[in-house]
2 protein chains.
Amino acid sequence: MRVKEVAALSGVSVRTLHHYDEIGLLKPAVTTEAGYRIYSDGNLSELQQILYYRAIGFSLKQIKEILRNPSFNRLEALESQRQMLHRKRTQLDDMIKTIERTIKEGKGEVTMSHEERFKGFDFSGNPYEQEAKDRWGEEIVDETTKKMNQFGSENQEKMNEIYRRLAEVRHLPADSEEAQATIGEWYQFLNTIGTYSLDAFAGLGEMYMADERFKTNIDQFGQGLACFMRDAMKEFTQTKN
Amino acid sequence: MRVKEVAALSGVSVRTLHHYDEIGLLKPAVTTEAGYRIYSDGNLSELQQILYYRAIGFSLKQIKEILRNPSFNRLEALESQRQMLHRKRTQLDDMIKTIERTIKEGKGEVTMSHEERFKGFDFSGNPYEQEAKDRWGEEIVDETTKKMNQFGSENQEKMNEIYRRLAEVRHLPADSEEAQATIGEWYQFLNTIGTYSLDAFAGLGEMYMADERFKTNIDQFGQGLACFMRDAMKEFTQTKN
DNA sequence: TGTAAGGCCTGACGTAACGTAAGAGTCAAC
DNA sequence: GTTGACTCTTACGTTACGTCAGGCCTTACA
């Protein structure tokens with residue numbers, strides 16, 4: 001199946017298919033000698049999954065990361081996407097309720113507070129972070145916190161030292177040698193106080209941004225440190241996988 | 001109310017409020033000597049309306065045009081937006097149904113055609129054009145068509161001549177003198193065969209893009225002519241208003 | 001009154017995800 | 001072989017902000 005047919009079927013443009021090929025998001029099964037892209041049935045399933053993530057609000061980069069994760073499980077992902085769509089549906093319901101109330105307000109039937117006026121308009125939630133929260137959840141936060149609370153002063157100092165070193169390199173790219181070396185030490189340190197798979201390590205990194213407690217604590221060592229660590233941990237995981 | 005408070009209330013960023021001020025979409029009621037933006041209650045109502053159009057899929061430019069139209073009626077707009085949100089919800093429901101069916105497919109419970117796989121993913125509808133269709137609808141199409149069917153050959157030739165002239169200038173900007181002069185003739189011509197207000201004229205221009213029959217007919221005189229005429233008619237209307 | 005912290009401004013560069021267009025090669029039907 | 005539709009690559013442009021820097025403004029408290 002060539003680009004025009006796929007475009008007509010799926011609702012995306014030919015340009016979009018080119019773009020997704022270029023960025024490595026959706027590679028066609030076959031590319032002919034003439035350069036024509038031939039898409040398989042598997043490609044169509046993949047495209048469907050991509051379009052769902054896109055519709056939910058994931059960036060293409062994030063989508064690519066999810067699909068390339070060795071532990072990616074299609075059925076699990078579909079279930080997760082279904083839940084996320086329901087959340088969108090709930091938000092849309094809120095918006096409809098708010099506009100209906102606004103229409104009533106306009107007719108003088110009700111009054112509205114400022115808060116009511118914008119109910120349904122909170123788009124600040126980042127679905128990628130929300131997904132991490134759903135997946136790793138409170139458990140990893142509590143478990144890590146509990147372990148850290150059991151620290152002796154030697155580990156506490158060690159932890160703070162790594163934070164400080166990370167804060168110092170946070171102006172570097174997250175994939176630089178220095179950043180990766182230091183984040184490697186963080187990974188090892190965490191595995192002296194617990195057992196973290198690479199996936200869990202990356203998940204924890206996402207929680208640094210998704211969970212306000214983590215973020216606030218870490219950013220005390222330097223502005224944007226939580227964000228930097230999240231990126232470096234993700235990079236570390238992808239390099240080791 | 002200053003930017004931080006408005007941002008927290010509405011869910012948009014401070015940068016967004018700056019941007020909307022810059023482009024003239026949402027001007028604060030007061031700007032202090034220090035340059036501080038002070039938003040009024042009326043500004044909040046306006047922002048709500050903007051955010052609804054944005055959520056539905058209108059570009060900021062389109063939103064600005066709608067809000068600035070002298071015949072803009074707030075209650076009517078809210079009702080129209082409510083309907084558009086219902087359409088979005090229907091589409092979201094389709095997507096949810098499709099993903100549920102995909103999950104079943106993944107478990108081997110059902111099979112799926114290619115068409116079924118992408119049901120719900122048709123985002124090609126342009127809400128602005130759809131709005132024009134809703135507003136001016138079949139009526140204006142049929143009325144204009146009927147009138148043109150009653151032409152003598154003199155009017156028919158006159159109409160074709162204007163189309164040809166427009167096709168010749170379509171490479172120019174829609175707001176250029178030449179384009180506007182020719183589109184002015186089109187406006188006059190239409191008003192010899194019927195009565196078109198400026199709003200209706202602009203609405204007809206939108207229908208040239210929204211209704212496939214119009215588009216196909218007009219584009220026979222030159223590729224992209226319908227699009228050009230739509231733009232020029234809109235510009236003509238805004239200049240005269 | 002002075003101070004400090006938080007808030008706000010403008011200017012400006014960068015980003016993501018394509019849309020559009022041009023020029024040229026490929027494919028399929030007649 | 002021809003023609004029209006399809007496809008390619010290249011490359012520039014668009015929209016709607018996000019991010020950041022440097023500096024001014026406001027408010028609460030000592």
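The sequence lines fix the lettering, A, B, ..., with proteins before strands; numbering per chain opens at 1. All values reported here derive from a predicted model rather than from experimental measurement.
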> How many angstroms lie between CZ in A:R89 and NZ in B:K88, if you round to the nearest 0.5 Å?
Replying inline: 13.0 Å
>> With heavy atoms of chain B within less than 4.0 Å as the criterion, where does contact along DNA chain D begin and end?
In response: D:dA16 to D:dT27
> Taking 4.0 angstrom as the limit, do B:R165 and B:E168 come out as a salt bridge?
Replying inline: no
>> Taking B:R82 first and then B:E79, would you say they form a salt bridge - that is, a charged N and a carboxylate O separated by under 4.0 Å?
In response: yes
>> If you assign A:G35 and B:Y36 each to the DNA chain D nucleotide with the nearest heavy atom, which residue ends up on the more 5' nucleotide?
In response: A:G35
>> For A:Y53 and A:F58, take the angle between the two ring planes, folded into 0 to 90°, and tell me which bin it lands in: parallel under 30, tilted 30 to 60, perpendicular over 60.
In response: perpendicular
> First and last nucleotide of DNA chain C in contact with chain B, 5' to 3', at under 4.0 Å to a heavy atom: what are they?
Replying inline: C:dG7 to C:dA12
>> So for the helix from C:dT1-D:dA30 to C:dC30-D:dG1, with five pairs setting each end axis, what is the inter-axis angle to 10°?
In response: 20°
> When rounded to the nearest 0.5 angstrom, what is the spacing between CD in B:Q81 and CG in B:L51?
Replying inline: 10.0 Å
> So A:W186 and A:Y208, would you call those rings parallel, tilted or perpendicular, with 30° and 60° as cut-offs?
Replying inline: tilted
> Got a second to check how far A:L92's CG is from B:H86's NE2, nearest 0.5 Å?
Replying inline: 9.0 Å
> Do you see a donor-acceptor pair shorter than 3.5 Å between the side chains of A:Q48 and B:T102?
Replying inline: yes
>> By nearest heavy atom, map B:R2 and A:R2 onto DNA chain D; which one lands nearer the 5' end?
In response: A:R2
> To the nearest 0.5 Å, how far apart are OG1 in B:T90 and CG in B:D93?
Replying inline: 6.0 Å
>> Heavy atoms within less than 4.0 Å of DNA chain C: which residues of residues 14-23 of chain A have one? Give them sorted by number.
In response: A:R15, A:T16, A:H19, A:Y20
> What residues form a salt bridge (charged side-chain N to carboxylate O under 4.0 Å, His left out) with A:E22, not counting sequence neighbours?
Replying inline: A:R15
> Looking across every strand, which nucleic acid part, if any, lies under 4.0 Å from A:S13 by heavy atom: base, sugar-phosphate, or nothing?
Replying inline: sugar-phosphate
>> Any non-hydrogen side-chain atom of B:Y52 less than 4.5 Å from a side-chain atom of A:T98?
In response: yes
> With a 4.5 Å limit on heavy-atom distance, are the side chains of A:E235 and A:Q180 in contact?
Replying inline: yes
>> For B:Y39, give me all partners under ring pair (Phe, Tyr, Trp, His ring centres under 6.0 Å), at least two apart in sequence or on another chain.
In response: none
